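Down below is the structure, laid out as C-alpha cells.
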Amino acid sequence: EGPTLRTFNFNFRLTPRTDSESKIVKSIIKSFKKNMAAQRSTSDLFLVAPNIYKIEYMYGGLDSEASLHPFMNKIKPCALRDFRVNYGPDGAYMTYPDGSMTCYEIQLQFGELEPIYSDEINLDDNNMSY
C-alpha cells in the first residue's frame, strides 16, 4: 500500500451577533471558497494549482508572545480538499433582518501534499513532531 498522505478535518461554528460580524463571516466563507479553487493561467490555456495552506497550532499570545504548541502535531503544507457550509446548523432557517444567517457551520478538510519521512521525526525534540 505504501505511505499515505494525512488529512485533517476542522469544524467551526460561526455565530455573528452584529452586522459587521456577519460581513466578516461572509468574507471568511468566500475566502476559503476562492482559495481552494483552481486558478486560470495568464494565457487561459492552463490551470494553476489552488493555494497552499500552512497550518500551525499556536498557544499563548494575549499576554505573551504566541508560539508553536509543543504538545500538538506538526502539519506539512496542505491543500484544502473539501469545504462545506451548513447554513442552518440549528435545524431551522433563521436570518437577521438583512438576510444574513444567524449561524453557520463550516467544515474544512485539508490534505498534506508530501509524506512524512522517518528522518524528520526527532525523538529528542521538545515537541510532538509530525
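Just so it is clear, the model here is predicted, and its values are computed rather than measured.
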Q.
Under a 4.0 Å threshold between the charged nitrogen and the carboxylate oxygen, would Lys74 count as salt-bridged to Glu120?
A. no

Q: Anything under 30° is parallel, anything over 60° is perpendicular, the rest tilted; go ahead and classify Phe110 against Phe10.
A: perpendicular

Q.
Within the structure provided, determine whether Tyr59 and Ser67 are in side-chain contact (heavy-atom separation under 4.5 Å).
A. yes

Q. Within the distance-only criterion (no hydrogens, no angle test), does the side chain of Asp90 pair as donor or acceptor with the backbone N or O of Ala92 below 3.5 angstrom?
A. no

Q) Quick one: does Leu108's side chain get under 4.5 Å of Phe12's, heavy atoms only? A) yes

Q) Can you find a pair of side-chain heavy atoms, one from Met58 and one from Leu68, that are under 4.5 Å apart? A) yes

Q) How far does CD1 of Ile106 sit from NZ of Lys33, to the nearest 0.5 angstrom? A) 11.0 Å

Q. Is there side-chain contact between Asn51 and Gln39, with heavy atoms separated by less than 4.5 Å?
A. yes

Q) Side chains of Tyr96 and Asp19: closer than 4.5 Å at any heavy-atom pair? A) no

Q. So Glu112 and Lys76, salt bridge (Lys or Arg N to Asp or Glu O under 4.0 Å) or not? Walk me through it.
A. CA-CA 6 Å; Glu112 285 183 322; Lys76 289 193 170 192; over 6 Å; no

Q) Distance from Ile55 atom CD1 to Asn73 atom CG, nearest 0.5 Å? A) 10.0 Å

Q: Would you check if Leu5 and Pro115 make a side-chain contact, meaning some heavy-atom pair closer than 4.5 Å?
A: yes

